[in-house]
There are 2 protein chains.
Amino acid sequence: MLTETRSRIIASAIEVFNEDYSAPLQKVADNAHVTRRTLHRHFKDRNELVAVCEREMEVSCKKAMITAINSSNEPLVQLKNMLLAGIDCGAKYSFFHKLHQREGHTHTKKNKDCADYDFIYNSFTNIITALQKSGVINEKMTVQWIQNLHAGIINSTVNVSDTGKTSKSNIKNFAWNSFIKGIAP
Amino acid sequence: MLTETRSRIIASAIEVFNEDYSAPLQKVADNAHVTRRTLHRHFKDRNELVAVCEREMEVSCKKAMITAINSSNEPLVQLKNMLLAGIDCGAKYSFFHKLHQREGHTHTKKNKDCADYDFIYNSFTNIITALQKSGVINEKMTVQWIQNLHAGIINSTVNVSDTGKTSKSNIKNFAWNSFIKGIAP
DNA sequence: ACTAAATGTCTCAAATTTGTGACATTTTAA
DNA sequence: TTAAAATGTCACAAATTTGAGACATTTAGT
């Protein structure tokens with residue numbers, strides 16, 4: 001079966017489930033411009049689709065974030081690239097973040113996905129701490145708040161993009177500006 | 001029937017529907033610590049519950065926002081109070097904002113709710129424009145971005161509050177700091 | 001143009017969600 | 001304490017969603 005259709009369905013499902021986790025599959029199918037029958041040919045059932053979406057998010061967000069972390073030794077550059085990577089991932093990143101924050105989601109180190117998420121989170125924490133020490137970031141703000149702001153700003157860019165009234169590169173500029181100035185001392 | 005139960009169900013529904021619009025009513029009932037049977041005694045059907053939630057959001061968010069707007073003639077004070085009011089409304093405000101942004105939601109001036117939302121939005125725009133002219137806010141940023149950032153930061157506070165690791169007043173400080181510095185020139 | 005792969009259409013049974021009746025239990029207020 | 005109000009429990013039909021079979025139509029590659 002066509003990989004293109006498959007990935008279109010996955011992208012559609014991530015978009016839809018991101019803001020309506022229990023949405024009927026018809027909605028996902030419509031959004032992907034396929035019939036529900038085609039959707040079911042690609043994915044055995046709802047659970048499989050959800051699982052594949054989660055995998056896709058894990059893999060691609062993780063990859064983007066780790067690339068960003070490895071892009072430099074400069075914490076400020078790393079932080080900026082993590083934000084831009086999140087924006088590029090779009091709804092995928094919003095969902096990814098939500099998923100690991102959800103209550104009921106038991107974070108275990110045995111779960112490889114959680115371990116990877118923790119690695120990213122810890123890297124983020126180290127970057128923030130380093131920048132706080134060097135006086136680039138407000139020391140009074142908690143890492144928790146900064147991480148939520150980070151995810152919140154990425155989410156805002158997803159919403160602005162949906163309306164399509166502002167260009168992608170403008171959005172990225174605004175986002176980075178608002179973020180870094182928003183956490184400055 | 002007890003008003004207390006009724007409003008608990010409404011609050012629960014707003015919370016649940018905010019992040020999962022198609023969630024089964026069982027989930028709402030559980031969240032409100034009542035049986036589904038009780039939920040149905042208070043609300044004829046799903047549509048009625050959703051409608052009541054929307055009304056509740058409209059009324060209470062609108063009230064809070066208009067109070068904030070009228071709290072001062074100083075644009076900066078107005079802006080701050082609008083943010084704090086949004087934070088106090090919590091999930092209610094997130095949902096309220098989403099609702100009026102949704103594609104498919106036809107914004108007509110005939111619909112009183114939309115007219116009121118437009119009034120709030122226009123006031124927000126005027127405040128931003130005034131602050132841009134007086135050099136308090138970055139003139140390059142679009143009102144659309146600033147409005148999304150505003151909603152995004154409010155949403156971040158909802159997520160942080162859920163974890164309960166940071167105090168409410170700290171959250172408000174962080175939020176206002178991040179917001180106003182994030183849009184500074 | 002032809003063939004195979006992919007998707008669409010229509011249909012239907014199974015599973016889930018929804019809404020309600022009947023009656024038991026708990027809560028509230030006099 | 002007692003009667004009424006509110007909620008819980010169980011059971012059940014209606015509505016919706018889900019998943020899959022059978023066959024028609026479209027699309028892609030040769």
Chemist: Report the distance from atom CD of B:Glu4 to atom P of C:dA29, rounded to the nearest whole Å.
Modeler: 12 Å
Chemist: Is B:His40 close enough to C:dG19 that one of its side-chain N or O atoms is under 4.0 Å from OP1 or OP2 there?
Modeler: yes
Chemist: Just how far, in rounded Å, is P of C:dT17 from CG of B:Leu49?
Modeler: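 Taking atom P of C:dT17 as the reference, CG of B:Leu49 is at 17 Å.
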Chemist: Between C:dG21 atom P and B:Arg36 atom CZ, what is the distance in whole Å?
Modeler: 14 Å
Chemist: Check whether any side-chain nitrogen or oxygen of A:Arg37 sits under 4.0 Å from OP1 or OP2 of C:dT7, and answer yes or no.
Modeler: no
Chemist: Do A:Asn148 and B:Ser156 meet the criterion of a side-chain donor-acceptor pair at a distance under 3.5 Å?
Modeler: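 No, B:Ser156 and A:Asn148 have no side-chain donor paired with an acceptor closer than 3.5 Å.
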Chemist: Whole Å only: how far is the CZ atom of B:Arg6 from the C1' atom of D:dT7?
Modeler: 16 Å
Chemist: Take the protein atom CZ of B:Phe43 and the nucleotide atom P of D:dA6, then report the distance between them rounded to whole Å.
Modeler: 14 Å
Chemist: Can the ring centroids of B:Tyr121 and B:His100 be said to lie less than 6.0 angstrom from one another?
Modeler: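 No, the ring centres sit 6.0 Å or more apart.
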Chemist: Any N or O donor-acceptor pair linking the side chain of A:Arg41 to the base of D:dG19 at under 3.5 Å?
Modeler: no
Chemist: Starting at CG of A:Leu25 and ending at P of C:dT16, how long is that distance when rounded to a whole Å?
Modeler: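 Computing the A:Leu25:CG to C:dT16:P distance gives 14 Å.
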Chemist: Would you say B:Ser178 and A:Trp145 are linked by a side-chain donor-acceptor pair, where the criterion is simply a distance under 3.5 Å?
Modeler: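 Distance-only check passes for A:Trp145 and B:Ser178.
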Chemist: Given D:dT17, C:dG8, C:dA6, identify the nucleotide with an atom nearest to the side chain of A:Thr38.
Modeler: C:dG8
Chemist: Taking OH from B:Tyr21 and C1' from D:dT17, how many angstroms apart are they, rounded to a whole number?
Modeler: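 Roughly 18 Å, once rounded to whole Å.
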Chemist: Taking only N and O in the side chain of B:Thr5, is any of them less than 4.0 Å away from OP1 or OP2 of D:dA6?
Modeler: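 Answer is no, no contact under 4.0 Å.
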Chemist: Can you tell which of D:dT7, D:dG8, C:dG8 lies closest to the side chain of B:Thr35?
Modeler: D:dG8
Chemist: Could you tell me how far apart B:Asn47 (CG) and C:dT17 (P) are, to the nearest whole angstrom?
Modeler: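 In whole Å, C:dT17 P lies 18 Å from B:Asn47 CG.
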Chemist: Are A:Phe96 and A:Tyr117 an aromatic pair by the rule of ring centers under 6.0 Å?
Modeler: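 Yes: the rings meet the under 6.0 Å criterion.
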Chemist: Taking the minimum atom-to-atom distance to the side chain of A:Arg46, which one of D:dG19, C:dT7, C:dT18 wins?
Modeler: D:dG19
Chemist: Let's see if you can work this out: which of D:dT7, C:dG19, D:dA22 has an atom nearest to the side-chain heavy atoms of B:His42?
Modeler: D:dT7
Chemist: Compute whether any side-chain donor of one residue and acceptor of the other, for A:Gln144 and B:Thr166, lie under 3.5 angstrom apart.
Modeler: yes
